[in-house]
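Heads up, the thing below is written out as C-alpha cells.
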2 protein chains.
Amino acid sequence: MERLIRHIEKSVVLTPEEKEIIATTFHSKKLAKKEILHSEGSVCQYNYFIAKGCFRLYLITENGKEQVIQLGLENWWISDYSSYTSGRSSKFYIQALESSEVHYINRSEQEALFEKIPALESYFRKNLERAYAASLTRIEYLFLLSGEERYLQFVGTYPEFAQRIPQYILASFLGISPEYVSEVRKKRS
Amino acid sequence: MERLIRHIEKSVVLTPEEKEIIATTFHSKKLAKKEILHSEGSVCQYNYFIAKGCFRLYLITENGKEQVIQLGLENWWISDYSSYTSGRSSKFYIQALESSEVHYINRSEQEALFEKIPALESYFRKNLERAYAASLTRIEYLFLLSGEERYLQFVGTYPEFAQRIPQYILASFLGISPEYVSEVRKKRS
DNA sequence: GAAAAAAATTAAGCTGGTTTAAGAAAGGCG
DNA sequence: CGCCTTTCTTAAACCAGCTTAATTTTTTTC
C-alpha cells in the first residue's frame, strides 16, 4: 500500500494514524495479463488505484467490436465512474494489459473514510480536478488533431507507454483503425 | 446567490452561518449576449457558476476557425480547468451566448473556503465526479456515434437547449460542419 | 522448438463528412 | 419599418480514414 500512500502524500498531509487507517481499509488484488477486473452488466462497485501494471477500460459496440475509452497505468485511478457514483449497471469492461496490482475501495467505505480523514476528500477532489482537466484536453485533441496527428502526438509524448501496449489497443484508444496506424508508421519510416 | 446555495444544498448540508460566508465570499457579474467572460492568453483565475443564461468555451484553431469545446447552462460550473488549477495561461475563450449572470471565486478564495466549510469541498468533489463522468460519456459518444447520430441524439435529448443556441455553435460542439447539419436536417424532414 | 493463436501489414475500393462558394432567410438595431 | 449583419441552406467536387480480405510477423502455449 506504500505506493498509494506516497501518491496521496504528494497532495495532502497525513498523520501516521491516518496512514494506518488507509492501509487497513483498502483491499488489494493481483491480476495476470489479460485478466478482467470488472465486467459489463454489473455495477462497478470499486474505485481502483493502479499500484503496478496497466489497464484498459473498453466496451463492446453493437457490431461486436471493442472500443477502448480509457487507458491507465501506475498511480492512476480507474473505474467506471458513471456506474461507481450512480450505482447503475455498467457498460464497460476493465482489463489488465500486463501482470498488475490494484488497491481498491467501495463507495460506502470511501465516504466513511472521508468522515474519518478529511484530507483524503481533499486528495480526491484535487485528483478529480486533474482527471477532469485531462479528459477535456483529450476531447480538445479529438477535435483539433487528425487521426495521424493523434497517433504521432501520443507516441512522441509517451514513447515508453506506446511500447507497453499492443498497437491495436492504442489505435482503438485514439479512435483510428489498426490498419491506418500501419499506414502512418510506414509513411513515417 | 440563492441559486448557487440551493445547488450546493442538493449535495451537502449547510448551516445558516456557512450560507452567509458563501454569500459574502462569491462575486457576481452580469453579461450581455456575446460578451466575453475570459480570453485566451491570460490565466483563467476564476471558477464560474452559471446562475442565468448560457456559455460556450472555445478556442481559435491554427487556421482561424472557432472550435467549441464545452457548453454550459444554469447550475453548471464553467472555467478553463487546466489553467484554473495549474495557473498556466489559457488557450480558451468563454463567451455568454445569452444575457447571463455568473457567481465566481478565485483559486485561493476557494481553497480558503474549504478550510472554513469542509462541506463545500465535499460538494465540489461530488460535482467533479459528475463532471468527469459526463466528460467520459462525451468521449464515448464521439467514438461510438457518427456525426449524424450525435446531432440527432443531442436534439432528441436536449430539444429546448438546441433551440437556445445557434446551429453553427452546436455543430462545432458536436464536431461536424454547419453545412452537414443542414444536410441531416433536410434528410430527416 | 513446433504448432497454434494473436497481432501487424499491405493494398484496393468505398463512404461519411469536408470544403468552397453562392444565395436565401432570419434577426437586430437605428 | 427598412437596412445590415448574422445564420442557414444547397450543391458539387473532393479526401481522410474505413472496410475487407489476404499475407506476414510475432507471441503464446504445450
Side-chain angles (χ1 to χ4, degrees), chain A residues 31-36 54 56 58 60-68 71 93 95-99 141-155 161-189, chain B residues 31-36 53-54 56 58 60-68 71 93 95-100 141-155 161-189:
Chain A
L31 294 100
K33 184 169 178 174
K34 301 205 177 177
E35 205 176 329
I36 300 283
C54 79
R56 63 167 172 160
Y58 67 99
I60 309 286
T61 67
E62 284 178 356
N63 35 16
K65 293 191 175 166
E66 297 174 354
Q67 175 63 53
V68 176
L71 292 172
Y93 296 84
Q95 183 192 37
L97 298 177
E98 300 174 351
S99 165
Y141 284 147
L142 283 171
F143 281 140
L144 297 186
L145 303 184
S146 67
E148 177 171 5
E149 288 167 329
R150 291 200 298 277
Y151 174 76
L152 294 172
Q153 207 241 195
F154 188 96
V155 170
F161 188 26
Q163 292 304 322
R164 279 171 73 175
I165 56 177
Q167 213 159 95
Y168 73 97
I169 286 180
L170 177 54
S172 174
F173 174 75
L174 295 172
I176 55 182
S177 69
E179 294 83 357
Y180 190 57
V181 169
S182 279
E183 206 173 312
V184 169
R185 284 165 62 90
K186 189 169 74 169
K187 199 158 60 173
R188 289 278 148 175
S189 61
Chain B
L31 294 102
K33 185 170 177 173
K34 300 202 177 181
E35 204 176 329
I36 300 283
C54 79
R56 64 167 171 161
Y58 67 98
I60 310 286
T61 66
E62 283 177 357
N63 36 15
K65 294 191 175 166
E66 297 174 354
Q67 174 61 55
V68 177
L71 293 172
Y93 296 84
Q95 183 191 37
L97 298 177
E98 298 174 352
S99 164
S100 301
Y141 285 147
L142 283 172
F143 282 141
L144 296 186
L145 304 183
S146 67
E148 177 171 5
E149 287 167 330
R150 290 200 299 276
Y151 174 76
L152 295 171
Q153 208 241 193
F154 189 97
V155 171
F161 188 25
Q163 293 303 322
R164 279 171 74 174
I165 56 177
Q167 213 158 96
Y168 71 96
I169 287 179
L170 178 54
S172 174
F173 175 75
L174 295 172
I176 55 182
S177 69
E179 293 83 357
Y180 189 57
V181 169
S182 277
E183 206 174 312
V184 169
R185 284 166 63 90
K186 190 170 74 169
K187 199 157 62 173
R188 290 277 149 178
S189 62

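Throughout, protein chains are lettered first and strands after them, A, B, ... in sequence-line order, and every chain is numbered starting at 1.
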Atom [atom1] of [X] to atom [atom2] of [N]: distance rounded to whole Å?
{"X": "A/Tyr168", "N": "C/dA5", "atom1": "OH", "atom2": "P", "value": "16 Å"}
{"X": "B/Ile169", "N": "D/dT7", "atom1": "CD1", "atom2": "P", "value": "7 Å"}
{"X": "B/Ile165", "N": "D/dC8", "atom1": "CD1", "atom2": "P", "value": "10 Å"}
{"X": "A/Lys187", "N": "C/dT9", "atom1": "NZ", "atom2": "P", "value": "15 Å"}
{"X": "B/Leu97", "N": "C/dG28", "atom1": "CG", "atom2": "P", "value": "13 Å"}
{"X": "B/Tyr151", "N": "D/dC8", "atom1": "OH", "atom2": "C1'", "value": "11 Å"}

For A/Tyr58, all residues meeting side chain to side chain contact (heavy atoms under 4.5 Å, CB included), sequence neighbours excluded: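 With neighbours one apart ignored, the set is A/Ile36, A/Arg56, A/Ile60, A/Glu66, A/Val68, A/Tyr93, A/Gln95.
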Residues A/Leu97, A/Ile169; criterion side-chain contact (heavy atoms from CB on, under 4.5 Å); working and verdict: CA-CA 10 Å; A/Leu97 298 177; A/Ile169 286 180; 3.6 Å; yes
Base versus backbone protein contacts along nucleotides 17-30 of chain D [heavy-atom cut-off under 4.0 Å; B, S, -]: SSBB-------S--
Heavy-atom side-chain contact between A/Ile165 and A/Leu71 under 4.5 Å: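 They are in side-chain contact.
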Side chains of B/Phe143 and A/Leu142 in contact at under 4.5 Å (non-hydrogen atoms):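 Yes, their side chains come closer than 4.5 Å.
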OP1 or OP2 of C/dA11 under 4.0 Å from side-chain N/O of A/Lys186: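 Answer yes for this pair, as a side-chain N or O of A/Lys186 is under 4.0 Å from OP1 or OP2.
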Phosphate-side-chain proximity, B/Arg185 and D/dT9, N/O vs OP1/OP2 below 4.0 Å: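 B/Arg185 to D/dT9 OP1/OP2: side-chain N or O found under 4.0 Å.
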Let me check something: any side-chain donor-acceptor pairs from residues 146-153 of chain B under 3.5 Å, sequence neighbours excluded? List them with distances.
from	atom 1	to	atom 2	distance (Å)
B/Ser146	OG	B/Glu149	N	3.2
B/Ser146	OG	B/Glu149	OE1	3.3
B/Glu148	OE1	B/Lys187	NZ	3.2
B/Glu149	OE1	B/Ser146	N	2.8
B/Arg150	NE	B/Leu174	O	2.9
B/Arg150	NH1	B/Leu145	O	2.9
B/Arg150	NH2	B/Leu174	O	2.8
B/Tyr151	OH	B/Arg185	NH1	3.2
B/Gln153	OE1	B/Tyr141	OH	3.4

NZ-OG distance between A/Lys65 and A/Ser172, expressed to the nearest 0.5 angstrom: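 Going from NZ on A/Lys65 over to OG on A/Ser172, the span is 10.5 Å.
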Which nucleotide in D/dC8, C/dT10, C/dT9 has an atom nearest any side-chain atom of A/Gln167: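 From the listed options, C/dT9 comes nearest.
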